Amino acid sequence: MVEKQNIAPKQTVAVKRTIDHLQGNKSGPTVVFFAGIHGNEPAGVFALKHVFKELKSKNSALKGQLFGVAGNLGALNRHVRFQTVDLNRIWFPERIKNIRANKQADIEEEKELKALLEVLNNILEKATPPFYFIDLHTTSSDTAPFIVLNDSLLNRKYASNYPLPIILGIEEYLEGALLSYINELGYVSLGFESGQHDDSKAVENCIDFIWFTLQLTGVVHPSKINGDGLAHFNKVDHRFYEIYHQHTIESGDKFKMFPGFINFQKIPKGVEIAMSNDAVIKASKERQIFMPLYQDQGGEGFYFIRPIPKFLLWLSKELRRFKVDHLLVKLPGVKWKSDKKDTLIVDQRVARFMAKSIFHLLGYRTRQLDETHLVVKSREIASRNSDYKNTSWF
């Protein structure tokens with residue numbers, strides 16, 4: 001257990017791995033909130049403490065189960081993003097396999113991962129579907145609240161119920177994230193960014209988001225699903241955006257954002273964005289900036305995003321629904337990686353016409369395997385759609 005000083009109001013709260021757990025008198029969904037995966041982002045911890053306290057004080061009628069799970073206890077105690085490595089960048093199957101076998105748990109974050117994995121597996125074994133996994137975060141820059149998710153149709157459909165901007169494609173840039181691991185298991189999973197790390201409004205936004213989620217999933221009575229509880233969030237249009245560029249900070253780089261940038265800000269051509277190794281980074285054309293880095297730890301300097309036209313979202317849904325991706329292996333330079341048929345290997349020397357945007361439409365996210373080959377993996381194969389077919393939103 002660690003103790004954290006709350007930022008609104010000022011008080012000290014104790015933090016255990018399981019922040020709290022409530023089970024309703026009636027059957028229903030299992031909703032799991034993670035908070036503090038990054039130790040300098042405690043807003044979610046405070047918000048969950050507040051909501052659990054209110055649920056208990058009002059003796060609220062619940063359906064299903066509600067869990068609050070703290071992430072990096074050691075980093076939370078030190079108020080740093082991470083201790084040795086980023087806990088939200090190490091959820092790789094092979095690494096997890098070694099950690100579970102006690103072959104690899106030498107650093108603090110691997111020990112944190114092992115403890116989190118035990119909690120997660122225990123929930124999946126003992127609780128009942130449908131499962132919802134929500135990771136609560138904050139950002140180093142000022143921001144309007146938003147949602148990030150892996151691009152499966154199941155995630156899209158669920159997230160569309162929130163009156164918030166929704167960001168697709170981050171999993172193509174961030175490897176080893178907790179939500180990507182959970183999404184590979186087929187469950188609804190998304191991240192919520194509530195505001196700037198030390199802004200008291202981030203806690204308030206998180207509380208409102210948690211209540212809305214409990215109503216949407218049916219854990220509490222859905223009497224206010226009309227979105228009024230999140231109406232004050234609407235500083236940015238409720239629509240889908242796609243990340244198309246990341247400025248990566250390599251080991252040894254000296255990087256510093258110039259002051260004043262905020263999430264979703266449109267910046268004209270020629271604006272100076274940051275310094276990297278004594279060189280100025282400028283916008284080569286008009287851009288929309290996303291998650292500018294204003295903290296010492298972190299390997300992602302900033303992103304560029306763009307709105308996704310509604311027609312492309314519709315087209316993407318229809319192409320995936322009819323499994324058009326299975327025709328791709330008929331084309332030269334494209335083949336399945338395995339009999340599982342969820343991952344393609346693309347030889348770019350042959351299939352030069354296969355742009356990343358085409359794979360995105362079909363529900364695939366791409367990674368560069370080597371100089372000439374792409375690995376593209378489906379986000380649809382694993383989705384447990386049947387678990388959610390009787391929900392009110394599906």
Side-chain angles (χ1 to χ4, degrees), residues 86 88-89 91-92 133-135 137 139 141 143-160 162 164-184 186-193 236-249 263-266 285 287-293 298-320 325 328 342-344 346 354-369 374-383:
D86 193 327
N88 209 29
R89 303 290 186 273
W91 291 80
F92 297 104
F133 294 94
I134 315 289
D135 195 6
H137 284 269
T139 63
S141 64
T143 186
F146 62 91
I147 287 171
V148 292
L149 50 80
N150 284 17
D151 185 16
S152 68
L153 294 181
L154 179 62
N155 271 347
R156 275 196 211 175
K157 192 167 188 175
Y158 173 73
S160 295
Y162 294 90
L164 295 166
I166 300 165
I167 313 299
L168 303 180
I170 199 165
E171 76 273 20
E172 196 164 90
Y173 299 93
L174 300 184
E175 296 187 80
L178 167 63
L179 289 182
S180 290
Y181 173 79
I182 293 174
N183 201 237
E184 293 286 341
Y187 304 109
V188 165
S189 56
L190 58 84
F192 174 63
E193 303 275 358
V236 179
D237 290 343
H238 167 50
R239 63 182 305 173
F240 286 88
Y241 296 81
E242 181 179 34
I243 294 173
Y244 65 93
H245 172 78
Q246 171 189 275
H247 178 82
T248 303
I249 304 172
N263 266 352
F264 301 98
Q265 179 182 350
K266 293 182 179 179
K285 60 173 69 173
R287 304 288 191 183
Q288 191 164 9
I289 201 164
F290 181 64
M291 294 184 73
L293 184 72
E300 301 83 35
F302 58 86
Y303 298 91
F304 293 143
I305 60 172
R306 58 193 169 209
I308 304 175
K310 290 183 179 179
F311 169 75
L312 289 182
L313 290 169
W314 172 84
L315 179 61
S316 173
K317 181 177 71 174
E318 294 304 305
L319 290 174
R320 298 184 200 188
D325 59 309
L328 293 178
D342 66 341
T343 306
L344 295 165
V346 182
M354 295 301 294
K356 286 186 177 182
S357 57
I358 295 176
F359 290 115
H360 291 173
L361 281 174
L362 296 172
Y364 286 79
R365 287 294 155 184
T366 66
R367 296 197 186 280
Q368 199 75 37
L369 179 62
L374 289 176
V375 176
V376 293
K377 186 163 186 176
S378 172
R379 293 305 184 199
E380 300 301 331
I381 298 295
S383 291

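Worth saying up front: this structure is predicted, and the values here are computed from it rather than measured. Scope of the values below: all heavy atoms of this structure, side chains included, with no hydrogens, waters or symmetry mates.
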Chemist: Any side-chain heavy atom of Phe290 sitting closer than 4.5 Å to one from Ile167?
Modeler: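 Of all side-chain heavy-atom pairs linking Ile167 with Phe290, at least one is under 4.5 Å.
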
Chemist: Does any non-hydrogen side-chain atom of Tyr162 lie less than 4.5 Å from one of Ile147?
Modeler: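 Yes, side chains in contact.
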
Chemist: On a heavy-atom basis, which atom in Ala144 and which in Val236 lie closest, and how many Å separate them?
Modeler: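 Distance-wise, the nearest heavy atoms are CB-CG2, 3.7 Å.
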
Chemist: Which atom pair, heavy atoms only, marks the closest approach of Leu149 to Ser189?
Modeler: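 That closest heavy-atom pairing would be CB-O, 4.1 Å.
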
Chemist: Kindly determine whether Ser383 and Leu153 satisfy side chain to side chain contact (heavy atoms under 4.5 Å, CB included), including the steps that lead there.
Modeler: CA-CA 8 Å; Ser383 291; Leu153 294 181; over 6 Å; no

Chemist: Are Ile289 and Asn263 close enough, and set up right, to give a side chain to side chain contact (heavy atoms under 4.5 Å, CB included), and what steps lead you there?
Modeler: CA-CA 6 Å; Ile289 201 164; Asn263 266 352; over 6 Å; no

Chemist: If you take all heavy atoms of His360 and Ser316, which pair is closest and at what distance?
Modeler: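 Residues His360 and Ser316, closest heavy atoms: O-OG, 4.2 Å.
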
Chemist: What is the distance from atom NE2 of His137 to atom CE of Met291, rounded to the nearest 0.5 Å?
Modeler: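 Reported to 0.5 Å precision, the distance equals 8.5 Å.
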
Chemist: What I'd like to find out is whether the side chain of Phe146 reaches to under 4.5 Å of the side chain of Ile166, using heavy atoms alone.
Modeler: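 Result no, sub-4.5 Å side-chain heavy-atom pair not found.
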
Chemist: Is there a side-chain contact between Arg239 and Ile308 in this structure, where contact means two heavy atoms from C-beta onward sitting under 4.5 Å apart?
Modeler: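 Side chain of Arg239 against side chain of Ile308, heavy atoms only: no contact under 4.5 Å found.
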
Chemist: Treating Glu171 as the side-chain partner and Asp151 as the backbone partner, does any N or O pair qualify as donor plus acceptor under 3.5 Å?
Modeler: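 Flag set: sc Glu171 to bb Asp151 pair under 3.5 Å.
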
Chemist: Considering residues at least two apart in sequence or located in another chain, which fulfil the ring-ring contact (aromatic ring centres under 6.0 Å, His included) criterion with Phe240?
Modeler: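 For Phe240 there are no ring-ring contact (aromatic ring centres under 6.0 Å, His included) partners, ignoring immediate neighbours.
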
Chemist: Check the pair Phe359, Leu328 against side chain to side chain contact (heavy atoms under 4.5 Å, CB included), reporting the backbone distance first and the verdict last.
Modeler: CA-CA 10 Å; Phe359 290 115; Leu328 293 178; 3.9 Å; yes

Chemist: Determine, step by step, whether Leu168 and Tyr241 satisfy the side chain to side chain contact (heavy atoms under 4.5 Å, CB included) criterion, reporting the C-alpha distance in whole Å, the side-chain angles of both residues, the deciding distance to 0.1 Å, and the verdict.
Modeler: CA-CA 6 Å; Leu168 303 180; Tyr241 296 81; over 6 Å; no

Chemist: Using side chain to side chain donor-acceptor pair (under 3.5 Å), reason through Tyr244 and Arg287 one step at a time and then give a plain yes or no.
Modeler: CA-CA 11 Å; Tyr244 65 93; Arg287 304 288 191 183; 3.1 Å; yes

Chemist: Scan side-chain atoms only and decide if Tyr364 and Arg320 contain a donor-acceptor pair under the 3.5 Å cut-off.
Modeler: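 No, Arg320 and Tyr364 have no side-chain donor paired with an acceptor closer than 3.5 Å.
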
Chemist: Measure the CG-CD distance between Leu313 and Glu242 for me, rounded to the nearest 0.5 Å.
Modeler: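 Rounded to the nearest 0.5 Å, the CG-CD separation comes out at 9.5 Å.
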
Chemist: Is Thr143 reaching over with its side chain to a backbone N or O of Pro145, donor-acceptor style, under 3.5 angstrom?
Modeler: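 It does not hold such a pair.
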
Chemist: State plainly whether the residues Lys377 and Glu184 are in salt-bridge range, i.e. N to O under 4.0 Å.
Modeler: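 Between Glu184 and Lys377 there is a salt bridge, with a charged N closer than 4.0 Å to a carboxylate O.
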
Chemist: Name the orientation class of the two ring planes belonging to Phe304 and His245 (parallel below 30°, tilted from 30 to 60°, perpendicular beyond 60°).
Modeler: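 Rings of Phe304 and His245: parallel, as their planes differ by under 30°.
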
Chemist: I need the Arg365 CZ to Leu374 CG distance, nearest 0.5 Å.
Modeler: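 One gets 13.0 Å once the value is rounded to the nearest 0.5 Å.
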
Chemist: Please give me the minimum heavy-atom distance between Asp135 and Leu178, naming the atom from each residue.
Modeler: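 Closest heavy-atom pair between Asp135 and Leu178: OD2-CD2, 4.4 Å.
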
Chemist: Check whether any side-chain heavy atom of Phe192 sits under 4.5 Å from a side-chain heavy atom of Val148, and report yes or no.
Modeler: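 Not in contact.
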
Chemist: For the side chain of His238 and the backbone of Leu164, is there at least one donor-acceptor N/O pair under 3.5 Å apart?
Modeler: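 Yes; at least one donor-acceptor contact below 3.5 Å.
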
Chemist: Look only at the side chain of Ser160 and the backbone of Arg156, and say whether a donor-acceptor pair between them is shorter than 3.5 Å.
Modeler: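 Yes, Ser160 side chain to Arg156 backbone: donor-acceptor pair under 3.5 Å.
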
Chemist: Any heavy-atom pair between the side chains of Val376 and Thr343 that's under 4.5 Å?
Modeler: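 SC-SC contact between Thr343 and Val376 ruled out.
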
Chemist: Checking Gln246 against Thr248: is there a side-chain donor and acceptor pair closer than 3.5 Å?
Modeler: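 Yes.
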
Chemist: Once rounded to the nearest 0.5 Å, what's the spacing between atom NZ of Lys310 and atom CG of Leu315?
Modeler: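 Answer for the NZ-CG pair, Lys310 versus Leu315, is 16.0 Å.
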
Chemist: Less than 4.5 Å apart, any side-chain heavy atom of Leu174 and any of Ser180?
Modeler: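 They are not in side-chain contact.
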
Chemist: Could you pull out the closest heavy-atom pair between Gly298 and Leu293, with the gap in Å?
Modeler: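 Taking Gly298 first and Leu293 second, the nearest heavy atoms are O-CD2, 3.9 Å.
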
Chemist: Indicate the atoms forming the closest heavy-atom contact of Pro307 with Gln288, along with that distance.
Modeler: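 The pair with the smallest heavy-atom distance is CD-OE1, 4.0 Å.
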
Chemist: What distance separates Leu190 CG from Tyr158 OH, expressed to the nearest 0.5 Å?
Modeler: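 So the gap between those two atoms works out to 6.0 Å.
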
Chemist: If you round to the nearest 0.5 Å, how far is CG of Asn150 from CG of Asn183?
Modeler: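 Here the rounded value is 4.5 Å.
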
Chemist: Does the side chain of Glu300 come within less than 4.5 Å of Tyr173's, by heavy atoms?
Modeler: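 Counting from C-beta outward, Tyr173 and Glu300 never come under 4.5 Å.
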
Chemist: Quick check against the 3.5 Å criterion: does Asp86 have a side-chain atom that pairs as donor or acceptor with the backbone of Asn88?
Modeler: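 Confirmed, Asp86 side chain pairs with Asn88 backbone.
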
